[in-house]
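Residue numbers start at 1 and run along the sequence shown. Keep in mind that this is a model prediction, so the values were computed, not measured.
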Amino acid sequence: MDEVHKRVLLKNYIRLKQDLSPVDDLLDILLSFGTLNPKMKKNILFNTQFNVERDGEDQAGRLLDELPGCGKAAFANFITALRLAEKQAHRDLAETLCRDLDNVHRELAQRSTVESIEVSTGAGYPLTQAGVTEASQPFSQPLIQNAYFLFGVDQKAKEGALSEHADLKRLVAFSLSQGA
């Protein structure tokens, strides 16, 4: 299971534990998908140490504890099982989890954007880590050339700035490769 899926389950753990009960129909669906195996189902339903049946919330909690170890498709299968379940509360939980998953993805995308905000090279043009590591894609040279053309800078100054840009790009690439 992906980390974002684990984060969504953890965020909703208390509500899920309370609202999932009874889990019998969910377990049957997850079993039919191959997400769970019969031994897992038995461990969710029964406390095998004391040979007693777990109550509804304990079953739900045990299911939530088992899901992260059930493979990459476990979260999607869990959402599908909730949507196929007879209880409206289960279907509502599926929608809540999907909304929260969208929010987590949005949050991670924003964080990723902030982390890759362009590092100033000191030469007046931005240089991103992605731009440095992808040396095959000259990302800002055409922009720089056009800027010099538009502002009427002579050819010698343009060549000097482009050379300085290439030197700075190599320096930043080297710094990033050294973990600085």
>> What verdict does the side-chain contact (heavy atoms from CB on, under 4.5 Å) test give for Val52 and Phe46, after you've listed the backbone C-alpha separation in whole Å, the side-chain angles of each residue and the deciding distance to 0.1 Å?
In response: CA-CA 6 Å; Val52 294; Phe46 297 97; over 6 Å; no

> Should Phe75 and Leu101 be marked as a side-chain contact (heavy atoms from CB on, under 4.5 Å) after you check the CA-CA gap, both sets of side-chain angles, and the distance that decides it?
Replying inline: CA-CA 11 Å; Phe75 187 80; Leu101 182 62; 3.8 Å; yes

>> Could you go through Leu64 and Phe78, starting from their C-alpha distance and side-chain angles, then the distance that decides it, and tell me whether this counts as side-chain contact (heavy atoms from CB on, under 4.5 Å)?
In response: CA-CA 10 Å; Leu64 294 171; Phe78 179 61; 4.2 Å; yes

> Step by step, would you call Glu107 with Arg7 a side-chain contact (heavy atoms from CB on, under 4.5 Å)?
Replying inline: CA-CA 12 Å; Glu107 181 183 301; Arg7 185 181 292 186; 3.6 Å; yes

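Here the closest non-hydrogen pair linking Leu30 and Leu63 is CD1-CD1, 3.9 Å. Between Met40 and Asn37, the shortest heavy-atom contact is N-OD1, 2.7 Å.
For Lys72, the side chain to side chain contact (heavy atoms under 4.5 Å, CB included) partners are Asp2, not counting sequence neighbours. Under the rule for a side-chain hydrogen bond (donor to acceptor under 3.5 Å, both in side chains), Glu57 has no partner lying at least two apart in sequence or in another chain. Judged as a side chain to side chain contact (heavy atoms under 4.5 Å, CB included), and not counting sequence neighbours, the contacts of Lys11 are Asp100. Remark: Ala74 pairs with Met1, Thr35, Leu67, Cys70 by the side chain to side chain contact (heavy atoms under 4.5 Å, CB included) rule, at least two apart or across chains. In this structure Leu10 satisfies the side chain to side chain contact (heavy atoms under 4.5 Å, CB included) test with no other residue, sequence neighbours excluded.
To the nearest 0.5 angstrom, Leu84 atom CG is 11.5 Å from Ile79 atom CD1. Atom-to-atom distance recorded for Leu97:CG and Leu9:CG is 6.5 Å, nearest 0.5 angstrom. The CG atom of Leu82 lies 10.5 Å from the CZ atom of Arg91; values are rounded to the nearest 0.5 Å.
With respect to Arg62 and Glu66, a salt bridge is recorded, a charged nitrogen being found less than 4.0 Å from a carboxylate O.
Side-chain contact between His90 and Arg83 is absent, with no heavy-atom pair separated by less than 4.5 Å. Side-chain atoms of Ile29 and Thr80, non-hydrogen and from C-beta on, never get closer than 4.5 Å to each other.
Under the side-chain contact (heavy atoms from CB on, under 4.5 Å) test applied with Leu27, the options Gln59, Lys42, Lys41 reduce to a single match, Lys41.
There is no path of hydrophobic side-chain contacts, each under 4.5 Å, that joins Leu93 to Ile14. No single ILVMFWY cluster, assembled from side-chain heavy atoms under 4.5 Å apart, contains both Leu31 and Phe33.
Side chain of Asp58 to backbone of Arg54: no donor-acceptor contact under 3.5 angstrom is found.
Under 3.5 Å, the side chains of Gln88 and Asp92 contain a donor-acceptor pair of N or O atoms.
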Identify all side-chain donor-acceptor contacts of residues 17-26 below 3.5 Å with residues at least two apart in sequence or on another chain.
{"from": "Asp19", "atom 1": "OD2", "to": "Arg15", "atom 2": "NE", "distance (Å)": "3.3"}
{"from": "Asp25", "atom 1": "OD2", "to": "Glu86", "atom 2": "N", "distance (Å)": "3.4"}

